[in-house]
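Remarks on the structure that follows.
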Amino acid sequence: MIAAESTASLIQSVDWVAVAPPTIVAVVGLAVLVADLFLSERNKHLLGWISLTGLVAAGLFLLPLTDSHRAARSTFCLSGPRATACSYTVDEFTLVIQLLVIGGALLTALLSMTALKDARNSDKELPEGEYWFLLLSSAAGAALLPASRDLATLVVALEVASLPAFALVGLKRGDKRSSEAALKFFLSSVTATAVTLLGVSFVYAATGTMHLTEVGEKLGNVDGQLDTLAQTGVVLTLVGFAFKVAAVPFHFWVPDTYVGAPLPVAAYLSVVGKAVGFTGLILVTVVAFPEYADVWGPALAALAALTMTAGNVAALRQQATRAYSAVRLLAWSSVGQAGYLLVPIAAAGYADQRSDVLEATGATVAYALMYAAVNLGAFAVAALVGRTQKLNRVSDYRGLYAKSPLSALVLAFFLLCLAGLPPGIIGLFAKVTVFSAAVDAGLGWLAVVMAANVVIALYYYLQWTALLFRAPEGEPVKHHVPAPLTVAIAVTAVLGVALSGAPQLVLQFAEHGVR
Amino acid sequence: MQFLLALIVVGPLAGAVAALLPAPPGLKGKSPDQAVLRHGVTVTGVILIAAIVLALGFDHDHPSKMQATTDISWIPALDVRIHFGIDGISLPLLVLTALLTFLCALYSYFKMPAGPSPKAFVALILVLESGTLATFAVLDLLLFFLAFEMVLIPMYFLIARWGGAQRTRAAWKFILYTLLGSVVMLLGLLLIGLRAGTFDMVALATDNGRELSTSVQVIAVLAIGIGLAVKTPMWPLHSWLPDAHTAAPTVGSVLLAGVLLKMGTYGFVRILLPIAPDGMETFAPYLAAFAVVGIIYGSLACLALARPGAKGDLKRLIAYSSVGHMGFVLLGISTMTPTGVNGALFANIAHGLITGLLFFLVGALKDRTGSSDLDTLAKESGAALYGKAPRLGGLLAFGAVASLGLPGLAGFWGEMLALFGAFKPADDLSRPAFLTFMAIAAFGTLLTAAYMLIVVRRVCMGPTAEAEGAPRLADVHGYEFAAWTPLVALTVLAGLWPAALLGLTDPAVQQLLAGGKS
């Protein structure tokens with residue numbers, strides 16, 4: 001009898017359907033790495049198709065999970081009487097973020113196919129097998145993160161998402177800038193993760209548990225002597241995630257890393273990398289540390305204000321004629337956008353009721369979905385222009401309308417969405433949601449700072465937009481647009497337009513929160 | 001009816017998209033440029049007809065009731081509803097917008113401003129029209145904000161692409177000023193919406209601010225007021241206006257002065273007065289003070305520009321005169337009385353008609369002489385437009401005297417009523433302060449008369465028999481007559497029969513100020 005009980009507690013039954021999406025991505029990544037050994041040079045392009053299929057399959061495996069989004073599915077739970085604490089939970093929040101991550105990775109893969117093909121045709125070849133393996137591994141980690149419900153899994157997922165990213169950034173062989181960027185990225189990220197680990201260990205010391213829900217319960221009645229330890233632990237844990245979001249003061253790696261990395265990787269970092277960061281922040285703050293909301297609430301509010309100001313001011317100072325200024329501008333603007341993403345999380349720290357917390361985090365999710373679609377779209381057009389204009393300066397976009405009217409209109413739309421001006425209606429309303437989260441939480445000063453930032457950001461976005469429609473210098477040269485790139489641009493454009501017509505699709509998460 | 005209103009708002013947008021597509025066979029016209037300009041005339045014409053039909057079908061016995069309403073849920077998450085409707089306050093502005101845009105499209109068909117392709121020009125004008133019409137038709141705070149923002153991008157491109165000297169700087173100044181104001185306004189709108197639990201303007205107006213504490217109202221009025229005051233523009237937030245007008249192409253100036261400025265004052269009447277009356281009461285004396293400073297400042301600036309040797313630009317001068325005229329509108333609103341607000345709304349329409357006409361005339365003058373600089377035009381003795389182009393000169397003189405508020409023309413009633421309102425402001429406001437404001441504003445009308453007459457003397461009069469070789473100026477063309485006659489006729493009509501307009505606005509204003517009480 002006793003033996004039977006102990007075996008039952010030793011062998012867990014795993015809900016394979018629930019863990020399918022990240023698992024598929026990881027398995028396909030390994031398969032690609034193995035297949036790379038057996039494929040001849042000529043057939044290397046098949047690796048891209050395998051990866052793409054894998055990502056689509058992972059996306060499809062989200063479907064069977066959707067009907068259960070009212071009752072969350074959990075697995076890897078503690079056995080025994082305390083079966084409430086699980087390490088892996090699929091709820092609405094998990095699903096939405098996994099959709100974002102897998103969708104983002106899919107669009108990155110589309111951009112990568114063209115980039116790899118171009119690299120194959122030039123002398124600067126990229127190792128394809130490694131590239132796809134690293135991309136898929138990182139995506140698997142990013143997809144695991146939103147489902148993690150204990151601190152150890154969370155840190156492991158964070159690392160799985162980050163480590164391959166360092167290698168991806170430094171993948172341009174023989175490119176000094178690329179290696180330097182990778183090193184910069186690596187060193188600062190490792191420091192941040194180490195600090196997070198320290199914080200996690202403090203929290204563990206104070207509470208004696210790793211599971212987020214239990215941490216949340218136990219932090220409420222920590223021994224008076226351990227209070228300082230717990231408080232320090234809470235703050236230090238946030239550092240690693242703040243790094244991934246690229247919040248101040250962990251933002252300086254962004255521009256050099258984006259410029260040094262292959263463009264699709266920069267797009268990936270700007271969307272999926274940030275998703276990893278703010279998902280971790282939401283999980284840790286709202287689920288594990290609600291007791292210390294008076295600590296992390298103001299801290300995140302200050303961080304948000306500093307981040308958006310630093311990003312937007314730096315983006316404003318970019319010179320249009322500097323080499324790679326387009327990518328730099330997108331990099332700095334993504335820092336600014338990260339600041340907006342932090343605002344509702346900070347607001348959640350000021351909320352009194354559970355429903356207000358959910359609404360606030362839902363606003364972040366809604367904003368992130370909008371941002372993912374239009375920012376990837378902007379990167380896709382930048383990739384298109386970067387094929388002919390190797391330096392990818394903002395001034396190279398002058399007269400894009402005359403060369404290819406559609407991509408110019410689409411880029412203008414994306415930029416206006418990021419700026420939050422009509423016709424980018426979804427961008428406008430996503431900002432309105434963030435604003436209302438701040439106003440609702442009584443963070444009037446933060447709303448005003450954000451308002452000033454929106455105006456600054458508008459200046460550089462609109463300057464770029466205006467440049468697209470200027471008369472071009474020299475004869476416009478028509479060139480062939482590769483199919484994967486066309487698909488990526490078309491998908492993001494359709495998403496942006498559809499969301500502008502029916503903003504409810506993403507804003508619903510801000511209405512009733514993401515459970 | 002509601003389909004008509006929906007058509008009026010959405011029609012121009014669809015027209016803008018159609019303008020970007022290649023013309024279908026059978027509508028190709030003589031050239032692609034001509035076809036797309038004709039498309040612009042057709043679309044704005046249809047919208048104007050729809051607006052007139054709407055005005056005819058409007059129930060004139062109940063102008064305070066919201067009519068032709070549509071109310072569909074759009075974004076439940078933010079409680080945003082597609083809520084359209086018109087009453088006696090918005091109907092005149094709606095018709096004015098449709099009329100001015102049509103006249104601009106007609107004018108551009110014959111006289112396209114120098115710049116890139118007319119395709120984009122027509123599309124932008126149509127988007128602009130849609131945004132302005134939507135501003136006057138929506139009854140949801142967030143939708144109002146959306147419509148308010150919608151005009152920015154088209155106006156920016158109109159100035160930056162088809163404008164004159166210094167256009168890039170002027171366009172930036174325009175958009176940055178307005179945007180800075182409107183983001184602050186958004187915060188105020190959100191504050192109201194979140195505290196009152198609804199963004200519906202009708203519900204909020206009926207509630208008359210009872211749901212909102214005084215401190216919330218004060219903050220909201222400050223935030224929203226700044227956004228609207230930039231657009232109006234109120235002194236000292238006006239400095240974008242002269243630059244924008246000087247650089248904008250003729251039709252851009254006409255639309256900017258005639259329609260866009262009204263979005264600001266309309267917001268004051270539609271949002272601030274009924275929804276946050278306590279907050280408005282706190283700020284009314286300051287608003288009135290800024291308004292009269294604007295009146296005096298605008299007039300003095302015009303006098304300085306009109307002086308010989310000042311190198312005053314005529315467009316700049318009219319822009320500054322707009323600051324003064326909008327000062328009267330703001331003064332009327334700040335009295336918070338039916339008389340004052342009716343006067344403000346009347347002055348709004350009158351300013352749209354008269355200033356629109358003046359910008360058309362100055363634009364035509366600039367096309368003929370190549371300059372709108374007063375000194376270059378007048379030399380020492382005067383430009384003698386009466387002699388060279390008598391009809392043009394006559395129209396200019398007509399516009400000038402209408403603008404200075406000659407009784408019998410449209411400009412008179414609005415300023416008159418605004419001053420009356422200031423004579424007896426709402427009960428809770430300080431009467432002595434408003435009496436002072438009234439006296440200063442009345443002095444402003446004298447200054448206005450002074451500079452307008454100087455302009456008439458310098459531009460219209462002068463010796464005709466100058467050098468024999470001097471090129472004769474072409475007098476008013478047929479298409480110019482077509483574009484200007486409606487404005488002249490309406491100016492006279494509104495001056496002689498003000499009851500037509502006041503009968504529409506008065507019941508609606510009474511209800512707005514009384515809230516749900518009446």
Side-chain angles (χ1 to χ4, degrees), chain A residues 359 362-363 366 401-402 405 409 412 416 419-426 428-442 444-448 450-459 462-463 465-466 469-471 499-513, chain B residues 13 16-17 20 73-80 115-117 119-120 124 127 130-131 134 141-143 145-154 156-157 160-161 168 171-172 175-195 199 216 219-220 223 226-227:
Chain A
E359 272 171 35
Y401 183 70
L409 284 177
L416 290 177
L421 263 192
I425 295 177
I426 180 61
L428 180 89
F429 280 117
K431 284 215 169 60
V432 168
T433 336
V434 172
F435 270 124
S436 68
V439 172
D440 218 12
W445 66 272
L446 188 56
V448 172
M450 183 174 161
N453 269 288
V454 168
V455 178
I456 300 177
L458 174 100
Y459 183 77
L462 193 58
Q463 213 165 28
T465 311
F469 299 98
R470 296 277 285 274
L499 290 181
S500 288
Q504 177 66 11
L505 285 176
V506 293
L507 296 186
Q508 55 171 317
F509 299 121
E511 185 186 17
H512 52 73
Chain B
L13 218 50
V17 175
L20 290 178
S73 175
W74 185 33
I75 315 174
L78 285 167
D79 196 18
V80 176
S117 83
K119 212 175 199 179
L124 289 172
V127 175
S130 175
L141 287 181
L142 287 181
L143 224 51
F145 177 73
L146 177 66
F148 203 81
E149 297 281 77
M150 202 162 127
V151 299
L152 292 183
I153 298 281
Y156 168 82
F157 277 110
R161 287 286 169 278
T168 318
W172 276 115
I175 200 159
L176 287 181
Y177 260 83
T178 329
L179 201 89
L180 201 58
S182 59
V183 211
V184 179
M185 179 172 88
L186 172 65
L187 294 182
L189 295 177
L190 282 174
L191 187 66
I192 287 187
L194 292 174
R195 289 288 180 271
F199 285 106
V216 167
I219 298 173
I226 288 177

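Each chain gets a letter, A, B and so on, in the order its sequence line appears, and its residues count up from 1. Computation of the quantities below employed the complete heavy-atom set of this structure, encompassing side-chain atoms and omitting hydrogens, waters and symmetry-equivalent molecules. Quantities reported herein were computed from a predicted structural model and do not represent experimental measurements.
A pairwise comparison of heavy atoms in B/A77 and A/Q504 identifies N-OE1, 2.9 Å as the closest pair. A pairwise comparison of heavy atoms in A/L421 and B/E149 identifies CD2-OE2, 3.6 Å as the closest pair. Contact detail for B/L194 and A/D440: the closest heavy-atom pair is CD1-N, 4.0 Å.
Both the backbone and the side chain of A/L507 come within contact range of chain B, judged by heavy atoms closer than 4.5 Å. Contacts between A/L505 and chain B at a heavy-atom distance below 4.5 Å are absent for every atom of the residue. For B/V80, the part lying near chain A is the side chain, with the backbone staying farther off; criterion is any non-hydrogen pair under 4.5 Å. Proximity to chain A is absent for every atom of B/P116, based on heavy atoms less than 4.5 angstrom apart. Interface residue B/L152: only side-chain heavy atoms are found under 4.5 Å from chain A. Contact annotation for B/L186: only side-chain heavy atoms (C-beta onward) come within less than 4.5 Å of a heavy atom of chain A.
From A/I425, atom CD1 reaches atom CE of B/M150 across 7.5 Å, with rounding to the nearest 0.5 Å. A distance of 11.5 Å separates CD1 of A/I456 from CG of B/L179, quoted to the nearest 0.5 Å. Expressed to the nearest 0.5 Å, how far CD1 of B/I153 lies from CG of A/L458 amounts to 6.5 Å. Between the CG atom of A/L428 and the CZ atom of B/F145 there is a distance of 5.5 Å, given to the nearest 0.5 Å. B/D79 contributes atom CG, which lies 11.0 Å from atom OG of A/S436 (distance to the nearest 0.5 angstrom).
Most heavy-atom pairs under 4.5 Å with chain A, from the set B/T168, B/L190, B/L189: that is B/L190. When each of A/A438, A/P423, A/A366, A/A451 is scored by its heavy-atom pairs under 4.5 Å with chain B, the top score falls to A/A451. Put simply, of A/G444, A/A466, A/A447, A/A502, the one with the most heavy-atom pairs under 4.5 Å next to chain B is A/A466.
Using the six-membered ring where Trp is involved, B/W74 and A/F429 have ring planes that are perpendicular, over 60° apart on the 30 and 60° scheme.
If you run side chain to side chain contact (heavy atoms under 4.5 Å, CB included) between A/V455 and each of B/V184, B/I175, B/L176, only B/L176 comes through.
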